[in-house]
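Remarks on the structure that follows.
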Number of protein chains: 2
Amino acid sequence: MRPTMKDVASAAGVALKTVSRVVNGEPGVNPGTAERVREAIERLGYSRNESARVLRRGRTSTVGLVIEDVADPFYSVLGRAVEDVTTAHGCLLLSGSSGEDPARERELIRTFCARRVDGLIVVPAGEDHSFLRPELDAGTPAVFVDRPPGPGLDVDTVLCDNAAGARLATRHLLAHGHRRIAFLGDRPSIFTASRRLHGYRAALGRLFDERLVAMRAPTPEGVRADLERMLALDDPPTALFTGNGRLTMTALRALRTREDGRRMALVGFDDFELADLLRPGVTVVAQDPTSMGGLAAELLFRRLAGDGGPAEHLRLPVRVIPRGSGELPP
Amino acid sequence: MRPTMKDVASAAGVALKTVSRVVNGEPGVNPGTAERVREAIERLGYSRNESARVLRRGRTSTVGLVIEDVADPFYSVLGRAVEDVTTAHGCLLLSGSSGEDPARERELIRTFCARRVDGLIVVPAGEDHSFLRPELDAGTPAVFVDRPPGPGLDVDTVLCDNAAGARLATRHLLAHGHRRIAFLGDRPSIFTASRRLHGYRAALGRLFDERLVAMRAPTPEGVRADLERMLALDDPPTALFTGNGRLTMTALRALRTREDGRRMALVGFDDFELADLLRPGVTVVAQDPTSMGGLAAELLFRRLAGDGGPAEHLRLPVRVIPRGSGELPP
DNA sequence: GTGAAAGCGCTAACAT
DNA sequence: ATGTTAGCGCTTTCAC
């Protein structure tokens, strides 16, 4: 069906190897011959079969990226950063959504490895990554981003300082006079969620009250129910710390419909588009998904270039961006 | 390095072909033999080399997706829909960002074709896609989404009704009493931008005033300058129609800093997260990127299943979502 | 039920 | 400067 090097060779009246040389820009081909070959390539509409090349050479020049959801604003920006670095290194990025499902995560990684990606970048969903052992041993490096791998896997990681970020957020609210500060986090099984809970709790000290903590998947109904419950307490919260961007937006919607909700101070983990345009602007603890993805990719390419040093563990800083909602008085 | 079928075969004491049968779930293998093979596979950490399989079989079970930016909220949602359909069909999705650059678009498509994707889904950046001819002739189907291909290529397309959407938006503002309605669009070379301009102009009829039209890349500075210019007119606009989600957000930021801007009515093309939480809520003409991506992918898989009918041209409806900003009086 | 041999399209190593 | 040969890991075909 599609023309092969052999077809191009006979069309140009040369040996297959000469075509290979021209296609790959190898030296040692007479300019005239090269021209004839190029003309035949053009005429036949030839394009090199990458599968055959990969089979022979052993390197695919691809990188696999597993994230929670390619459509999530945080992870898609992280993914774009990985794509840019990957492209700059002449590689192709394969990416897929795990949807927080460990089985899907494993299946994606399996698929990537069967396609022999040169390396993996993973935002893990599962708690156990021992299935990666054979791949790592076979020489496929992996970098974990945003969350660490399950126990027993000593690979490079790029995380943000979750606990410090949560402490900053909570202290910010404390500094503005709040004493009853609620925390809305994602499921505690998610690494970032439990680290952020930890930071929140550490900053509160003896002000901590477990009735002001709710951790679950960010559904509108669930968040609404949690807030209703807390606001019905004798001593209701005057401020709220939300554990990720999705929860912040969900909470904003839920609070808007209650008049006592509108006056509630709010600090969210993760920045998001339009946070500055809301009234009041939403104060956040911001991470930088672009740096995160970019650094993870650079780390991976350093491994691919042969760096065999001990596993690196990058911890990226976070910063508070005050915009109004976090500075409301109790 | 990595174990091959040959290694598994000798470890299990069978012929290579028997391993192949077990790996592929082909019938005609003694259960006991199959068990021995599976055990050897497990022990050696074998995983099938997909490149070799592809080379032999001729099908990669991959689909290539080219979009403007994998981190753009609109296109990333579209991409996720494509991914879901692709996964459901047992295929892997390769996706890449063209960044509105025709050269990068072409390079991405070339890369995908060299990797012999079974089919392509493209949100085109360029105006000429004749380079796709050989691929189509070689039997690689393509579906164009959001924008049609350049002339001479009769492939399946999934577009939204851009002109109708722009007419709806403009009429909505007219119905609320506006007579001076400005249009902020992306570069006119972009298909959707020019179609939306067309619909806007058609709805305005003799109310059209070219001084109220500005088309350019959605940069904060550019949008700000355009708005300043229009608001300085003797007969300034009382309403604004923005041609895509990015422009809507950029315009909202620019308007917020002017007191005469806050009272300006606004309808935006494309819905976006938090449009409902802004004050006033942002009235939009919404398309459905999930349907768009899903339908495009379904169309592609119908082609891959052998449907050789004439090119289909789907046109998706749009709808107005009133939220406040489009209902402000002049 | 099992296996041997050929070959997919390419590159690496070695001639000429 | 050009060509020949072997073989990457798998599936296909055909033989046992």
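The sequence lines fix the lettering, A, B, ..., with proteins before strands; numbering per chain opens at 1. Quick caveat, the model's predicted, so the values are computed rather than measured.
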Collect all protein-nucleotide pairs involving nucleotides 4-7 of chain C in which both atoms are nitrogen or oxygen and the distance is under 3.5 Å.
{"residue": "C/dG7", "atom": "N2", "partner": "B/Arg56", "partner atom": "NH1", "Å": "3.2"}
{"residue": "C/dG7", "atom": "N3", "partner": "B/Arg56", "partner atom": "NH1", "Å": "3.4"}

Margin query: Between B/Thr4 and B/Asn49, does the side-chain hydrogen bond (donor to acceptor under 3.5 Å, both in side chains) criterion hold? Intermediate values first, please.
Written below: CA-CA 8 Å; B/Thr4 71; B/Asn49 183 322; over 6 Å; no
Next item on the list: Evaluate side chain to side chain contact (heavy atoms under 4.5 Å, CB included) for B/Phe144 paired with B/His129, printing each intermediate quantity in order.
Entry: CA-CA 11 Å; B/Phe144 277 64; B/His129 299 91; 3.9 Å; yes
Item checked: Trace of the side-chain hydrogen bond (donor to acceptor under 3.5 Å, both in side chains) decision for A/Glu83 with B/Ser97 -> CA-CA 8 Å; A/Glu83 182 189 339; B/Ser97 307; 2.8 Å; yes
Next item on the list: Start with the C-alpha distance between B/Asn24 and B/Arg53, add both sets of side-chain angles, then the distance that settles side-chain hydrogen bond (donor to acceptor under 3.5 Å, both in side chains), and finish with yes or no.
Entry: CA-CA 11 Å; B/Asn24 294 302; B/Arg53 171 172 226 242; 3.2 Å; yes
Item checked: salt bridge (charged side-chain N to carboxylate O under 4.0 Å, His left out) between A/Glu39 and A/Arg36, intermediate numbers included -> CA-CA 5 Å; A/Glu39 187 269 330; A/Arg36 266 190 7 257; over 6 Å; no
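Among the protein residues, B/Val14 comes within range of the sugar-phosphate backbone only, with heavy atoms under 4.0 Å from sugar or phosphate atoms but none that close to a base.
Of all non-hydrogen atoms in B/Arg187 and B/Glu100, the two that sit nearest each other are NH2-CG, 4.0 Å. A pairwise comparison of heavy atoms in B/Asp137 and A/Met1 identifies O-CE, 3.8 Å as the closest pair.
Using a 4.0 Å cut-off between a side-chain N of Lys or Arg and a carboxylate O of Asp or Glu, B/Arg2 and A/Glu135 qualify as a salt bridge. Ion pairing between B/Glu107 and B/Arg104 fails under the 4.0 Å rule for side-chain N and carboxylate O.
In this structure, B/Arg36 atom CZ and C/dG1 atom P are separated by 15 Å, rounded to whole Å. Spacing between atom CD of B/Glu26 and atom P of C/dG1 amounts to 13 Å, rounded to whole angstrom units. Rounded to an integer number of Å, the gap from A/Arg57 CZ to C/dC8 P is 22 Å.
Looking at which nucleotide of DNA chain C each of B/Thr33 and B/Arg116 is closest to, the 5′-most match is held by B/Thr33. Toward the 5' end of DNA chain D, the nearer of the two residues A/Gly13 and B/Val23, judged by each one's closest nucleotide, is A/Gly13. Each of B/Pro31 and B/Leu55 was assigned the nucleotide of DNA chain C with the nearest heavy atom; the assignment lying further toward the 5' end belongs to B/Pro31.
For the side-chain contact (heavy atoms from CB on, under 4.5 Å) with B/Leu120, the qualifying choice from B/Val63, B/Leu108, B/Leu132, B/Val143 is B/Leu132, the only one to do so.
Phosphate proximity of C/dT11 to A/Ser20: present, with a side-chain N or O under 4.0 Å from OP1 or OP2.
Proximity of residues 40-51 of chain B to DNA chain C (heavy atom under 4.0 angstrom from any strand atom) is not detected for any residue.
Nucleotides of DNA chain D lying under 4.0 Å from heavy atoms of chain A occupy a range whose first and last members, 5' to 3', are D/dA1 to D/dG9.
A/Glu42 CD: 12 or fewer foreign heavy atoms inside a 6.0 Å radius.
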